[in-house]
Amino acid sequence: MFRVLPAAPFPLIAAPRPYTLSARTPRPIKETSSQMIVTIDGPAGSGKSSLAKRVAKALRWMYLDTGATYRAVAYQAQRQGLDIHQPEELDRLCRTLDLDFQWADNGDLRVIVDGADVSDAIRTEQISSFASRVATLPQVRNAMVDKQRQLAAQFDNVVTEGRDQGTVVFPHAQLKIFLDASVEERAKRRQLQLEQSGQPADYDQILQAIRQRDNQDSTRATAPLVAAEDAVKLDTTNLTLDQVETKVLELIQAKRSSRP
Ligand code: DC
C-alpha cells in the first residue's frame, strides 16, 4: 500500500487516496503526456533526499524516495533471517512486501512495513549497508523498478531520487540532476544527521562506511550509480541546501517554459 495521510501539510499529490506499491494488488497505470518527471540521483550524503523533499514541497509535486524501498526490503529480509545469497527468497519477499508510504503532519515521509512504522528503523547504519548489498540483486531491482514506475505513473508531476532514476527507471525524464559532494563532506553531513537523531556517530567509521557503499553502489553489475549522459551535474560540497534548491527550481522553470 502507498498512502498519503489526508492531514499532510502540503498537497504533494493530486488526490488523497490510497496508492499501492505492492505487486500483489497492481493498479492501472495512468500515462499523461503532460507528466513531468525530475530525477535526482547521486551517492549517499549528496543531499538528494533533502533536495527532493524541498523541491516537491515548493512545487506541490509527488516525492518518491526510492532508497526507502530498498531499505524496506533489507529491513524485512533481516527480520526474516535472509541474506543476499538467497535471491529466490528475496524475490518472493519483494513480491509480497506490504509497503506503505505516508506523509506525517510535519511533512516527513513515514515508511510502513506490514503495518508497522519502520521509518527510523530503516535509517540505521546496519540497514544502510545491507540495503546497498540487497540492491545489487537483479531480482530485487526489477521488482522495485516496476513498483517505482507504477507509482510515478499515477501522478502528474514527480520528483524522484535514488541512484538509477535518470539512467534506468525514468530514462525519458524531462530533467535529470546528478548531485555529488566530496566523500569527506558527505561523511560530515551523515555524522550531523546521526547526532541529531541521537544515534552514535563516529566520523572515521562513517567515512569508511560511505566509501564502501559508494563502491558497492557504483560497481554493481545491474544499474550502477552513474550520471545519465543528459544529467545536469551539481557538486554540492560548497553549496548550501538553499542554493542547490534555488538552482534546481530554476532548471525546472526553464524546462517548463521551453515545453510546447
Ligand atoms: O538513498 P538511500 O541511501 O536511502 O539508499 C539506500 C540504498 O539503496 C543505497 O545504498 C543503494 C540502494 N538504492 C539503489 O540501489 N537504487 C536506488 N534508486 C535507491 C537506492
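Residue numbers run from 1 in the order of the sequence given. In listed order, ligands and their atoms are each counted from 1.
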- [ ] Could you establish whether Q148 and ligand 1 come within less than 4.0 Å of each other, counting only heavy atoms on the residue side?
- [x] no
TODO: Any atoms of ligand 1 less than 4.0 Å from a non-hydrogen atom of D164? List them with their elements.
DONE: 16 (N), 17 (C), 18 (N)
Open item on the list: So that I can tick it off, tell me whether D83 and R133 are bridged by a salt bridge, with the cut-off set at under 4.0 angstrom between side-chain N and carboxylate O.
Closed with: no
Open item on the list: Out of all atoms in ligand 1, which are within 4.0 Å of some heavy atom of S132? Include the element for each.
Closed with: 10 (O)
Open item on the list: Here's a test for you: under side-chain contact (heavy atoms from CB on, under 4.5 Å), which of D217, L225, N215, I127 qualifies with S132?
Closed with: D217
Task: Nearest neighbour in protein (non-hydrogen) for atom 12 (C) of ligand 1 - done: A135 CB, 3.7 Å
Open item on the list: Quick check: do L90 and L137 have side-chain heavy atoms less than 4.5 Å from each other?
Closed with: yes
Task: Heavy-atom side-chain proximity of P43 to D180 below 4.5 angstrom - done: yes
TODO: Could you walk me through whether R190 and Q193 pass the side-chain hydrogen bond (donor to acceptor under 3.5 Å, both in side chains) test, one step at a time?
DONE: CA-CA 5 Å; R190 180 72 185 140; Q193 210 179 32; 2.7 Å; yes
Task: ligand 1-proximal atoms of Q165, by part, heavy-atom distance under 4.0 Å - done: side chain
Open item on the list: Please determine whether a side-chain nitrogen of the Lys or Arg among D65 and R123 lies less than 4.0 Å from a carboxylate oxygen of the Asp or Glu.
Closed with: yes
Open item on the list: Tell me the protein heavy atom at minimum distance from atom 17 (C) of ligand 1, and give that distance in Å.
Closed with: R163 N, 3.4 Å
- [ ] List the closest protein heavy-atom neighbour of atom 5 (O) of ligand 1: residue, atom name, distance to the nearest 0.1 Å.
- [x] G67 CA, 3.5 Å
Task: Identity and separation of the nearest protein heavy atom to atom 11 (C) of ligand 1 - done: D217 OD1, 3.5 Å
- [ ] Have a look at ligand 1 and work out which part of R141, if any, has a heavy atom under 4.0 Å from it: side chain, backbone, both or neither.
- [x] side chain
Open item on the list: Check D214 with R186, please: is the shortest side-chain N to carboxylate O separation under 4.0 Å?
Closed with: yes
- [ ] Look at atom 8 (O) of ligand 1 and say which protein heavy atom is nearest, naming residue and atom and giving the distance to 0.1 Å.
- [x] Y70 CB, 3.5 Å
Open item on the list: Among D235, N238, T237, exactly one meets side-chain contact (heavy atoms from CB on, under 4.5 Å) together with S182. Which residue is that?
Closed with: T237
Open item on the list: I need the nearest protein heavy-atom contact for atom 4 (O) of ligand 1: residue, atom name and distance, please.
Closed with: R71 NE, 2.7 Å
Task: Per-atom contacts, ligand 1 versus T66 - under 4.0 Å to a heavy atom - done: 17 (C), 18 (N), 19 (C)
Open item on the list: Side chains of D98 and V113, heavy atoms from C-beta outward: is any pair under 4.5 Å?
Closed with: no
TODO: Could you see which bit of A44 sits under 4.0 Å from ligand 1, with heavy atoms only: side chain, backbone, both or neither?
DONE: neither
- [ ] Give a yes or no on whether R79 atom CZ has more than 12 heavy-atom contacts from other residues, nucleotides or ligands under 6.0 Å away.
- [x] no
Open item on the list: Quick check on R220 - does any of its heavy atoms sit under 4.0 Å from an atom of ligand 1?
Closed with: yes
Task: Proximal atoms of ligand 1 relative to R213 (non-hydrogen, under 4.0 Å) - done: 2 (P), 3 (O), 5 (O), 6 (C), 9 (C), 10 (O)
